[in-house]
Amino acid sequence: MRIDIVTIFPEYLAPLDVSLIGKAAAAGILDIRVHELRTWTHDRHNTVDDSPCGGGPGMVMKPEPWWEALTGLVPPGTEAGTRLIVPTPSGRPFTQRVAEDLATASHLVFAPARYEGIDRRFVEAAAERMPVEELSIGDYVLAGGEVAVLVMVEAVGRLLPGVLGNAESAKDDSFGHASEGGMAGLLEGPVYTKPATWDGREVPPVLLSGNHAVIARWRRDEALRRTAAMRPDLIEGLDPDALDKKDRAR
Ligand SMILES: N#Cc1ccccc1Cn1ccc2ccc(-c3cc(N)[nH]n3)cc21
């Protein structure tokens, strides 16, 4: 997967060189390219913003540099397989299902804005050339879209084949598709490691029993318990077929 990120703060995307995503890029699974939006400005001050039409606070990002950037990165006629992602507080929620959908694309272009956002006409013009997703990572307002891009690139990147080692799997992710017996669709339950006793607190004995069927059942019970406590909305949304007989007996 190729990922292009256009921003006025390229240094904000430095974390993508680290850890899981950094290793995936080094392995060639991800081809991540970060671009400075001002590359596509032509005035002496490399202007990317202007005052809002109709008045109001702050500044709005001009459509021209974004359009030139998009056209430079995705020349007309080469849009197949490309999706434009625009982080915004007024977007569709970015969820695990959205991440799974975006993971099927061959090319993602991210347009993290600053100020009060981008002139609407850029999104409208882009939507005539390729699918555009306006996405929110949560019900709070950030100062710009770069942090949202970090979140989305990690959530999407980890789903690509070869990114997670065999030991870790996205198969049973929280929020993923609920599956019979799996944890997908539920929150993660508690995790423990050695020592067996710490601070006078014991690891639940079932986890030391070596009985994998009993351990799996205990973990599913704990995941259901935590989900019911922290996110009852997810329980309601679970596919009934994804709950096994013992779940229903709870
Ligand atoms: N737009 C806008 C805007 C509108 C009002 C006040 C402040 C901003 C700042 N801003 C500029 C770009 C941009 C991108 C994404 C977010 C964003 C996403 C989530 N989930 N929260 N915030 C915010 C962004």
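Heavy atoms only: backbone and side chains are in, while hydrogens, waters and symmetry mates are out. Predicted model only: the values in this text are computed from it and were never measured. Each ligand, and each atom within it, is numbered from 1 in the order the structure gives.
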* To do: Check each of R225, R226, R220 against E222 using the side-chain hydrogen bond (donor to acceptor under 3.5 Å, both in side chains) test, and report the only one that passes.
  => R225

Run through all N or O atoms in ligand 1 and write down each protein N or O closer than 3.5 Å, as a pair with its distance.
residue, atom, partner, partner atom, Å
ligand 1, 20 (N), S136, OG, 3.1
ligand 1, 20 (N), I137, N, 3.1
ligand 1, 20 (N), G138, N, 3.4
ligand 1, 20 (N), G138, O, 3.1
ligand 1, 21 (N), Y140, O, 2.6
ligand 1, 22 (N), Y140, O, 3.4
ligand 1, 22 (N), L142, N, 2.9

* To do: First locate atom OH of Y12, then atom OG1 of T7, and finally report the distance between them rounded to the nearest 0.5 Å.
  => 9.5 Å

* **Separation between CG of L108 and CZ of R2, rounded to the nearest 0.5 Å** => 11.0 Å

* **Side-chain H-bond candidate by donor/acceptor type, E134 with T88, under 3.5 Å** => no

* To do: Quick one: pull up CD in E36 and CZ in F9 and give me the separation to the nearest 0.5 Å.
  => 9.0 Å

* **For M59 against Y115, the heavy-atom pair lying closest together** => O-CB, 3.1 Å

